[in-house]
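Following: one structure in C-alpha cells, then a few remarks.
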Amino acid sequence: WFKKFGLHMDDRMTLNAYKLYKNTRVNNYKKTFMEFNKQVASQLLKKYNSGAKTIIEKSEKFIKDRHDARLAIKQARQQAERAAAGADQAGEKSEKFIKDRHNARLAIKQARQQAERAAAGADQAGRGDPLPPVARPAPGGSSSEERPSDLAIHQLSIKPPTDKKNKPRVRCRECFLKDIRKETRKICKACKDDPGLCSPACFEAFHARKWSD
C-alpha cells in the first residue's frame, strides 16, 4: 500500500501542477492532463537519465518526421485535386470553344451560300431573261382561244437596266386602272411603250382588253 499511496500522491501533485500551469499560462494551454503528464515524465527522464534522453529524442524526432510527412502528403493531395479541377474546367472551356467555333463557321458558310444564291438570282434578273409565256385570249373569244403568233411575240420580260437605274421599275397598267399604285420590273416588250404588268393576271387582262379593242 505504500507504493499505491506514493503513486497516488504523485498523481495528485501532477494534477495540481497541471491546473496551476494551465491557469498561469499567457496563451491558452489546450493539452489534456494525460498529455501534460507524459510531457513532465519525458522532461524528467531527459534531465536525469541519459539513455532515456536519447530514446525520447529519437521518438520525438520520429513523431515530428511522421507529422511532417503526413502534412506533405495532405498538401500534395490538395494540390492534385486543385489541378484536376482546373484541368476539368479547362477541358469544358476547350470543348465549348471548339463547339462555338464550329457553329460560327457553319453560320458563315450558310450566309455565304445564301448570298451567292441571291447574287445569282439578281444577275439572272438583271440580264432581262424572259419569263414563260402566258395564255392570252383572241379578239372576240375566250381565254382558251390562243393565237400562236402572239404567244411567240407577247410575253412578260424583265425591264433591262438604264443609264440612271440598275433595276428600273414602272407602274402596272392594270393596277393603275383599279386605283392601285404598284410598281414592277415586268413589262411586255412586244407592246407599244413597254407597258408594266406586275403579274400574269394583269398581263392577260391587259391583252384581252387590247385585242378586244
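Sequential numbering from 1 along the given sequence is applied to the chain's residues. The figures that follow rest on heavy atoms only: side chains count, while hydrogens, waters and symmetry mates do not.
Atom NZ of residue Lys167 and atom NZ of residue Lys159 lie 15.5 Å apart, to the nearest 0.5 angstrom. The distance from the CG atom of Leu177 to the CZ atom of Arg209 is 5.0 Å, given to the nearest 0.5 Å. The distance from atom CG of Asp65 to atom CZ of Arg70, rounded to the nearest 0.5 Å, is 12.0 Å. If you take CD on Gln79 and CD on Gln75, they are separated by 7.0 Å, rounding to the nearest 0.5 Å. Between atom NZ of residue Lys61 and atom CZ of residue Arg66 there is a gap of 13.5 Å, rounded to the nearest 0.5 Å.
Between the side chain of His8 and the backbone N or O of Lys4, no donor-acceptor pair lies under 3.5 Å. With hydrogens and angles ignored, the 3.5 Å screen pairs no side-chain donor or acceptor of Asp10 with any backbone N or O of Gly6. Checking side-chain atoms of Glu35 against main-chain N and O of Thr32 turns up a donor-acceptor pair under 3.5 Å. Side-chain N or O atoms of Asn16 include one that pairs as donor or acceptor with a backbone N or O of Arg12 at under 3.5 Å.
The shortest distance between side-chain heavy atoms of Asp193 and Arg173 falls below 4.5 Å. When side chains are defined from C-beta on, Cys198 does not count as touching Phe203, because their heavy atoms never get closer than 4.5 Å. Between Cys191 and Lys210 there is a side-chain heavy-atom pair separated by less than 4.5 Å. Inter-residue side-chain proximity for Leu156 and Ile187 is flagged as unmet; no heavy-atom pair is nearer than 4.5 Å. In this structure the side chain of Cys202 reaches within 4.5 angstrom of the side chain of Cys175, judged on heavy atoms. In this structure the side chain of Ser199 never reaches within 4.5 angstrom of the side chain of Glu174, judged on heavy atoms. Proximity of Arg181 to Arg171: side-chain heavy atoms (C-beta onward) are separated by under 4.5 Å at one or more points. When side chains are defined from C-beta on, Lys186 does not count as touching Pro195, because their heavy atoms never get closer than 4.5 Å.
If you chain together hydrophobic residues whose side chains sit under 4.5 Å apart, Leu15 and Phe36 fall into the same group. Linking Ile, Leu, Val, Met, Phe, Trp and Tyr residues whenever their side-chain heavy atoms come within less than 4.5 Å places Tyr18 and Val40 in a single cluster.
A salt bridge is absent between Arg185 and Glu183; no separation between the charged side-chain nitrogens and carboxylate oxygens falls under 4.0 Å.
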CA sep, side-chain torsions, deciding dist, call: Leu197, His207, side-chain contact (heavy atoms from CB on, under 4.5 Å): CA-CA 10 Å; Leu197 299 168; His207 287 88; 3.9 Å; yes

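Taking each heavy atom of Val170 and Gly196 in turn, the nearest pair found is CG2-CA, 3.6 Å. Taking every heavy atom of both residues into account, Ala190 and His154 meet most closely at CB-ND1, 3.5 Å. Closest non-hydrogen pair, Asp11 versus Phe33, comes out as O-CZ, 4.1 Å.
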